[in-house]
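Each chain gets a letter, A, B and so on, in the order its sequence line appears, and its residues count up from 1. From a predicted model like this one, the values you see are computed outputs, not experimental measurements.
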Amino acid sequence: MDTNYYRRIDLPAGELHVFAHHDLYHAMGAKVLEMANNNLQIPNIRYMSYTPDAHVGVGTCIGTTAVWRAEEGFVSPSIVGSDIGCGMRVHLTSLQERDLQDVKLRRKLVKAIERRIPVENHARGHFSDIRLEHVLLKGLHGLPGKYVPDAYTPRKATSMTHVESSRFAFDEDALNRIPEPVWHRSHRQLGTLGGGNHFIEIQAVSLNEANRSIAERWGLKDGQVVVMIHSGSRAWGGAVNQFSGSEVAKTMSRLGLGTADPRLVFAPLDSEAGRMYANLMYSALNFAVVNRHLLAYAVRDAFRETFGSKTELTTLYDLMHNYACEETHGSDSYLVHRKGTTRALPPGHPGNPEPYKETGHPALIPGSMGTASYLMAGVPEGARNYYSICHGAGRVRSRNATKQLVTVNEFASSLRIGQDDEIVVNHRALEAIIDESPQAYKDVDQIIDSVVQARLADVVAKCRPLAAVKGV
DNA sequence: ATGTAC
């Protein structure tokens with residue numbers, strides 16, 4: 001183990017494991033360690049770590065892996081956060097980078113996507129044929145067949161099998177806790193992108209020679225065009241966080257539990273509030289998976305309009321980075337919280353879904369706007385961190401600080417606006433999304449290097465952006 | 001992140 005890329009910190013409340021290059025660790029700041037110390041005050045916690053993209057969040061840092069033994073587990077809405085089930089989805093196309101060489105064609109494609117996917121604030125979808133209750137209860141299996149194009153061969157339907165879980169099961173009585181207005185709003189939000197760091201990108205693949213055999217098994221080729229989607233559970237996850245958070249807080253005061261941070265709420269998994277949260281959280285995971293699926297369905301339609309009706313987008317994988325789930329590690333069952341961290345199982349691990357048993361499943365890691373994203377594969381040594389790796393570049397300055405620092409011209413030049421290889425963006429006025437400029441984030445290449453050097457995962461492919469669709 | 005909310 002290279003001590004330049006890993007260190008164990010002995011905090012007053014317990015041990016913190018940090019997987020980051022020396023320089024990235026020193027850039028994290030005192031607040032990040034203070035938050036770890038608060039998290040470590042939650043009873044029975046067995047393990048806590050940061051990935052190199054760790055930065056301050058509400059109650060818990062983005063970049064946290066926090067683990068309990070299942071039978072003595074505590075579950076925390078504050079660790080999972082309000083964008084429950086937020087994550088990534090990647091689709092493969094049969095197009096090559098040269099097919100999108102013409103900037104006018106990239107603009108046409110972005111416009112076609114924009115016509116199908118609402119991106120503005122208070123955006124509304126229009127899926128009157130989808131029942132929200134079915135989506136929440138059954139995930140992808142709750143969608144009408146027309147939205148699952150390969151559904152007539154269920155066992156081979158890649159949109160079902162190439163996901164972390166196409167359906168999270170839970171006690172449906174918990175759904176009664178969410179008020180009617182949220183149901184109404186959430187139904188209308190299905191198939192909308194959301195704001196902030198959420199995006200749809202068209203990217204070109206560069207393979208890592210050392211892992212060419214894995215890439216080929218995944219169906220990846222050099223220069224191939226892929227679609228990457230980053231979105232979550234929209235208002236539904238926020239409502240789940242809010243309603244169960246207040247129930248969990250009541251349980252805490254009844255049990256006399258607390259840490260130095262009152263915003264950090266948690267309850268025994270085996271308590272009424274803990275179970276209610278877990279159930280509702282699973283409904284939000286179902287919502288998030290379906291939302292990304294519907295976004296991909298709309299992008300597929302946009303590709304068909306632009307490149308012909310036979311164009312197909314096959315699912316590479318769909319994987320979240322904000323959730324808590326029971327997992328088996330060794331012979332024991334653990335409750336693993338991942339807040340801004342990505343699971344990356346190694347080749348041969350039994351937890352891999354069937355299509356990826358031998359290679360390990362793809363771990364999908366987004367970069368910031370204008371920079372590359374990565375497709376990673378887990379390695380056996382990742383077991384020491386419960387197979388958690390980073391979730392992206394990680395913010396380095398606040399949205400407000402970014403608006404102060406970065407000019408529209410600087411942002412435009414980082415997107416090469418006006419050049420032949422311009423990254424085409426749906427927004428004509430870049431001011432609206434300037435807080436998403438690359439200067440707001442750490443250097444994703446350094447983050448990935450840290451993850452590789454710490455032996456948590458390997459790079460299978462790097463994906464360079466050709467076009468991006470962002471919300472506000 | 002969020003049909004933000006002091």
Side-chain angles (χ1 to χ4, degrees), chain A residues 35 53-64 76-89 117-127 132 136 178-200 229-246 262-265 277 280-281 283-292 295 319-324 337-342 366 368-369 391-403 432-437 440-441 468-472:
Chain A
M35 285 201 156
D53 49 336
H55 62 101
V56 170
V58 179
T60 295
C61 288
I62 301 33
T64 294
S76 171
S78 308
I79 297 182
V80 174
S82 58
D83 197 0
I84 300 165
C86 183
M88 309 304 302
R89 190 179 180 97
I117 295 179
V119 295
E120 70 280 13
N121 203 4
H122 300 196
R124 292 177 184 188
H126 44 269
F127 293 101
L132 178 61
L136 295 170
I178 302 296
E180 202 284 328
V182 179
W183 282 77
H184 184 66
R185 189 189 314 153
S186 294
H187 182 262
R188 293 199 305 200
Q189 275 190 334
L190 278 169
T192 63
L193 180 59
N197 58 2
H198 292 170
F199 67 75
I200 295 166
I229 296 173
H230 184 187
S231 189
S233 54
R234 312 289 282 109
W236 184 264
V240 166
N241 183 263
Q242 189 188 323
F243 288 101
S244 30
S246 62
R263 291 173 310 174
L264 182 56
V265 298
Y277 173 64
L280 286 175
M281 178 183 52
S283 77
L285 300 184
N286 284 334
F287 186 105
V289 169
V290 167
N291 197 45
R292 284 189 293 273
L295 292 169
L319 179 62
M320 347 163 258
H321 47 234
N322 291 347
Y323 63 102
H337 291 68
R338 294 199 177 86
K339 170 57 174 175
T341 53
T342 307
S368 53
M369 265 194 97
H391 87 303
R395 204 159 253 288
V396 74
R397 53 178 58 89
S398 71
R399 297 194 178 277
N400 276 333
T402 308
K403 285 175 194 161
I433 53 169
I434 201 160
D435 50 354
E436 281 294 306
S437 85
Y441 289 90
V469 175
K470 295 281 287 181
V472 280

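Put simply, CG on A/Asp435 is 12 Å from P on B/dT2, counting in whole angstrom units. The distance between atom NE2 of A/His187 and atom P of B/dG3, rounded to the nearest whole Å, is 16 Å. Remark: P of B/dG3 and CG of A/Asp83 are 10 Å apart, rounded to the nearest angstrom. The CG atom of A/Asn241 sits 13 Å away from the P atom of B/dT2 (whole-angstrom rounding). The CG atom of A/Asn121 sits 13 Å away from the P atom of B/dA1 (whole-angstrom rounding). The separation between A/Lys339 atom NZ and B/dA1 atom P is 9 Å, rounded to whole Å. Rounded to an integer number of Å, the gap from A/Trp236 CH2 to B/dT2 P is 16 Å. Residue A/Leu193 contributes atom CG, which lies 11 Å from atom P of B/dA1 at whole-angstrom precision.
The residue A/Gly232 sits apart from the nucleic acid: no heavy atom pair falls under 4.0 Å. Residue A/Gly195 is in sugar-phosphate contact alone, with no base atom involved, counting any heavy-atom pair closer than 4.0 Å across all strands shown. Nucleic acid contact class of A/Asn322 (heavy atoms, under 4.0 Å, all strands): none. Within 4.0 Å (heavy atoms only), A/Gly238 reaches no atom of the nucleic acid at all.
Under the 4.5 Å side-chain criterion, counting only non-hydrogen atoms from C-beta, A/Thr60 is in contact with A/Leu264.
The closest donor-acceptor contact from the side chain of A/Asp53 to the backbone of A/Gly392 lies under 3.5 Å.
Between A/Gln242 and A/Arg399, the one whose closest nucleotide on DNA chain B sits nearer the 5' end is A/Arg399.
Rounding to the nearest 0.5 Å places CG of A/Asn241 at 7.0 Å from OG of A/Ser78.
Taking the side chain to side chain donor-acceptor pair (under 3.5 Å) definition, one finds that A/Glu436 meets it with A/Arg395, A/Arg399, A/Tyr441, A/Lys470, sequence neighbours left out.
When all heavy atoms of A/Pro118 and A/Gly191 are compared, the closest pair comes out as CD-O, 3.7 Å.
For B/dA1, the OP1/OP2 oxygens have no side-chain nitrogen or oxygen of A/Arg234 closer than 4.0 Å. Taking 4.0 angstrom as the limit, A/His122 places a side-chain polar atom (N or O) nearer than this to OP1 or OP2 of B/dT4. Residue A/Asn197 places at least one side-chain N or O under 4.0 Å from the OP1 or OP2 atom of B/dA1.
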